[in-house]
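Here you go, one structure.
Numbers restart at 1 for each chain; the letters A, B, ... are given by sequence-line order, proteins then strands.
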Number of protein chains: 2
Amino acid sequence: MPTIKDIAEFTGLSTATVSRCLNRHPYVSREAQLAIELAVRELGYRPNSAARSLRSGRTGRVGVVVPDASHPFFAALVAGAGQAAAQAGFDLLLQQTEAGEWHADRLLEPVITAGVDGLLVASELTPWEQYADALSEFPVVTCDQALAEIDLPAVYVDHYESTLEGLAHLRERGSGSIVGISSTSAAASPDRLRRAAYREFAHRNPELTVHELYIDADTPEAGSQLLAKLTALDPLPDGVFTGSDDIAAGLLLAARENGVDVPAKLKIIGFDDSPIARVLRLTTVHQPVRKMGARAFTLLRQLMQTSRSTPSPGAAASGPTGVQRVRVRYKLIARETT
Amino acid sequence: MPTIKDIAEFTGLSTATVSRCLNRHPYVSREAQLAIELAVRELGYRPNSAARSLRSGRTGRVGVVVPDASHPFFAALVAGAGQAAAQAGFDLLLQQTEAGEWHADRLLEPVITAGVDGLLVASELTPWEQYADALSEFPVVTCDQALAEIDLPAVYVDHYESTLEGLAHLRERGSGSIVGISSTSAAASPDRLRRAAYREFAHRNPELTVHELYIDADTPEAGSQLLAKLTALDPLPDGVFTGSDDIAAGLLLAARENGVDVPAKLKIIGFDDSPIARVLRLTTVHQPVRKMGARAFTLLRQLMQTSRSTPSPGAAASGPTGVQRVRVRYKLIARETT
DNA sequence: CTGAAAGCGCTTACAG
DNA sequence: CTGAAAGCGCTTACAG
């Protein structure tokens, strides 16, 4: 592979000039530039990114940490972040935490060792204090984490408010006995906020019955099995906030198969507005996931830039209160299941 | 950040010994090892990946090139490859080609410049000869590409055979007028193979009517709109090979809404066996996508290893005929739409 | 088993 | 506008 030295010899210039030209510094003569461009094409030169990183201290990479890149939510998040990153000239280093055999408190170790300028984290960091060391070295942005507990820059949808809105929608459509679903694996932070919303809603609406039901998988199959549990409840529920399009889809189809009239006898709300929700005409809560990914990258880029410039003495210290949080607008979409 | 030199000073050893210890070379005394391990923990040392790459010539990274990481097929492919890569100690550099403003013949430029030891390519490389230069430098494995035309290592499902099998299944279930769908954007190579299969099937079964229909998007919405086109055909089709679960899903739901009995009056086959196919009980062709991603990485790793060792003079040159191709088994899953 | 030393390919003050 | 030179943090023959 040709190096910058080869370009220098080929053109009769010094490596310094070649480097400047390649990095679009000002003060490179037109002749030099043309000669160098020719040499680059002629020799098939490509800069060595390792050498560049070693010297400059930057990698041009950002890490994206998700539980599983094949889950529709995280897939869209990664796609959005990746597109924004590419536009800004950054590469995306993808790390999945779910399948790995990493210790729970070492989730970020591999991606940090690999070398990145910043980090986008959508995986749950619990307890997040254990990550304080690692995270103090990097610009980092969290996506969709439990915000009350984490003091880091974040891009998120308010799962507490959106759940309350979904429940209110069920009430307005006439549901009197409402069930709120959440995951048995209490880890996921949206679930914690949803549970809090279920209780608050019950508290605010004492005339309604509000049940909570736990489910062990976020899949259509689990949604189908939910129907039996629902019919065992007293009074019989007539509204369900599932927190998941997949669960809602499974439940809807099971209900239809068993002759339960949706929405007349049972109203169902999903979450995310994934393709399946559109196909089945599910009422759901839309999240602009790709946009969230892109926004998360934009915020991260901003942090990377400010962290590189030495903080001026007069500037306010970016203490725990100075953290940036971007709340993304969700939207309840009423379709045919409520 | 502490460097290897700090560890050397802290322990009183040389950087050479520290490096050997860190890289698990043999011939490091037990005492040295313990002292170094202590120092690493004490100082919070982390190797600098750029320096390591620059020196060793390896990056520990593989590039994954897909059109769009949020598409279920590519998402699963990336997830499978990422998991396999992580287990082998490699990081994944993700690049999406669809959203970028790259020139068609420069799809691989960014990821190559970023520095990788090998490449997994699922995006269409047309015309692939233009990539010959870039690809001659790297171990590369293609995923699901048009094989007849590309002379590169590959992991793929046979879209020609699987389409023929799907069409035969429609015939066996009683369809006499069959429609094969393909994309108007002729770029996607599976589509080319499917069209060839449609024609071959028509040729083999002169007693049947075989129509071809083009569709401009791989979405449920496009599938819904398909119904009108279908009913305009003469004779009225009673079997559709869609080549996509999303299209099949849209078509199925549109049919139901319009009182078309599926499967009695219209039989539908999807492709992929994505979650939506399971929920809707679609007959479809299952592809083990995650496994394909993992297998592609395994093959790539093998190529990376052999390309690093100097080929012995006696060994046969790995000419165009020596390329490895892994055909992955698909499976027709008959559910309730045929 | 260990150390001194070269060098991977770049970038960047410094001095013209 | 340009060049000579130092050095980023490692790894690896080479010589003990």
- Query: For Phe73(B), what residues pass the ring-ring contact (aromatic ring centres under 6.0 Å, His included) criterion, not counting sequence neighbours?
  - Reply: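 Per chain and number, Phe73(B) pairs via ring-ring contact (aromatic ring centres under 6.0 Å, His included) with no residue.
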
- Message: Contact list please: residues 38-46 of chain B against DNA chain C, heavy atoms, distance less than 4.0 Å, in numerical order.
- Response: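 Correct list: empty, so none.
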
- For DNA chain D, what residues of residues 3-11 of chain B have any heavy atom nearer than 4.0 Å?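 Output list: Thr3(B), Ile4(B).
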
- With no hydrogens and no angle check, is any side-chain donor or acceptor of Gln83(B) less than 3.5 Å from a backbone partner on Val78(B)?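 A pair under 3.5 Å: no.
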
- Message: For Arg327(B), give me all partners under salt bridge (charged side-chain N to carboxylate O under 4.0 Å, His left out), at least two apart in sequence or on another chain.
- Response: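 Salt bridge (charged side-chain N to carboxylate O under 4.0 Å, His left out) list for Arg327(B), sorted by chain: Asp158(B).
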
- Trace of the side chain to side chain contact (heavy atoms under 4.5 Å, CB included) decision for Lys291(B) with Val328(B): CA-CA 9 Å; Lys291(B) 208 179 285 177; Val328(B) 172; over 6 Å; no

- Message: Using only atom types and a distance under 3.5 Å, with no angle test, would you say the side chain of Thr11(A) pairs donor to acceptor with the backbone of Ala8(A)?
- Response: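 Side chain of Thr11(A) to backbone of Ala8(A): a pair is present.
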
- Query: Closest approach of Pro67(A) and Thr97(A), non-hydrogen atoms and distance?
  - Reply: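 Distance-wise, the nearest heavy atoms are CA-OG1, 3.3 Å.
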
- Using a heavy-atom cut-off of under 4.0 Å over every strand shown, decide if Ser29(A) touches base, sugar-phosphate, or nothing.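 Ser29(A): backbone/sugar contact only, no base atoms under 4.0 Å.
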
- Task: Report the residue (Ala51(B) or Ala16(B)) whose heavy-atom-nearest nucleotide on DNA chain D is the more 5′ of the two.
- Result: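 It is Ala51(B) whose nearest nucleotide is closer to the 5' end.
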
- Message: Classify Leu13(A) by what it touches in the nucleic acid, base, sugar-phosphate, or nothing, heavy-atom distance under 4.0 Å.
- Response: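 The residue Leu13(A) makes sugar-phosphate contact but no base contact.
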
- Query: So, Ser53(B) and Arg58(B): side-chain donor and acceptor under 3.5 Å apart, yes or no?
  - Reply: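 The answer is no; no qualifying pair exists.
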
- Message: Could you go through Leu92(B) and Leu93(A), starting from their C-alpha distance and side-chain angles, then the distance that decides it, and tell me whether this counts as side chain to side chain contact (heavy atoms under 4.5 Å, CB included)?
- Response: CA-CA 6 Å; Leu92(B) 219 67; Leu93(A) 204 66; 5.9 Å; no

- Message: Categorize Ala50(B) for me: base, sugar-phosphate, or nothing, with a 4.0 angstrom heavy-atom threshold over every strand shown.
- Response: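 Contact class for Ala50(B): none.
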
- Task: With side chain to side chain contact (heavy atoms under 4.5 Å, CB included) as the test, would you mind laying out the steps for Gln302(B) and Leu299(B) before giving the verdict?
- Result: CA-CA 5 Å; Gln302(B) 187 186 316; Leu299(B) 178 53; 4.2 Å; yes

- Item | Carboxylate-amine/guanidinium proximity below 4.0 Å for Asp117(B) and Arg301(B) |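 Here Asp117(B) does not pair with Arg301(B) in a salt bridge, since their nearest N and O are not under 4.0 Å apart.
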
- What interatomic distance, in whole Å, is found between C1' of dG16(C) and the corresponding atom of dT12(C)?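 dT12(C) and dG16(C) have their C1' atoms separated by 16 Å.
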
- Minimum heavy-atom distance between Asn23(B) and Arg52(B), given as atom pair plus value: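 Closest approach of Asn23(B) to Arg52(B), heavy atoms only: OD1-NH2, 3.9 Å.
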
- Heavy-atom contact window of chain A on DNA chain D, given 5' to 3' at under 4.0 Å: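 It runs dC1(D) to dG9(D).
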
- Task: May I ask you to decide whether Asp91(B) forms a salt bridge with Arg61(A), counting only side-chain N to carboxylate O separations under 4.0 Å?
- Result: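 Salt bridge flag = no for Arg61(A) with Asp91(B).
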
- Query: Between which residue ranges does DNA chain D form stems of three or more consecutive Watson-Crick or G-U wobble pairs, both distances under 3.5 Å?
  - Reply: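 Ordered by first number, the stems with DNA chain D (at least 3 consecutive pairs each) read C:1-3 with D:14-16, C:5-12 with D:5-12, C:14-16 with D:1-3.
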
- Task: Decide yes or no on side chain to side chain contact (heavy atoms under 4.5 Å, CB included) for Cys143(A) and Leu77(A), but give the supporting numbers first.
- Result: CA-CA 9 Å; Cys143(A) 301; Leu77(A) 199 72; 3.9 Å; yes

- With DNA chain C as reference, determine whether Ser19(A) or Thr15(B) sits nearer its 5' end, using the nearest nucleotide of each.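 Checking each residue's closest nucleotide, the 5'-ward one belongs to Thr15(B).
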
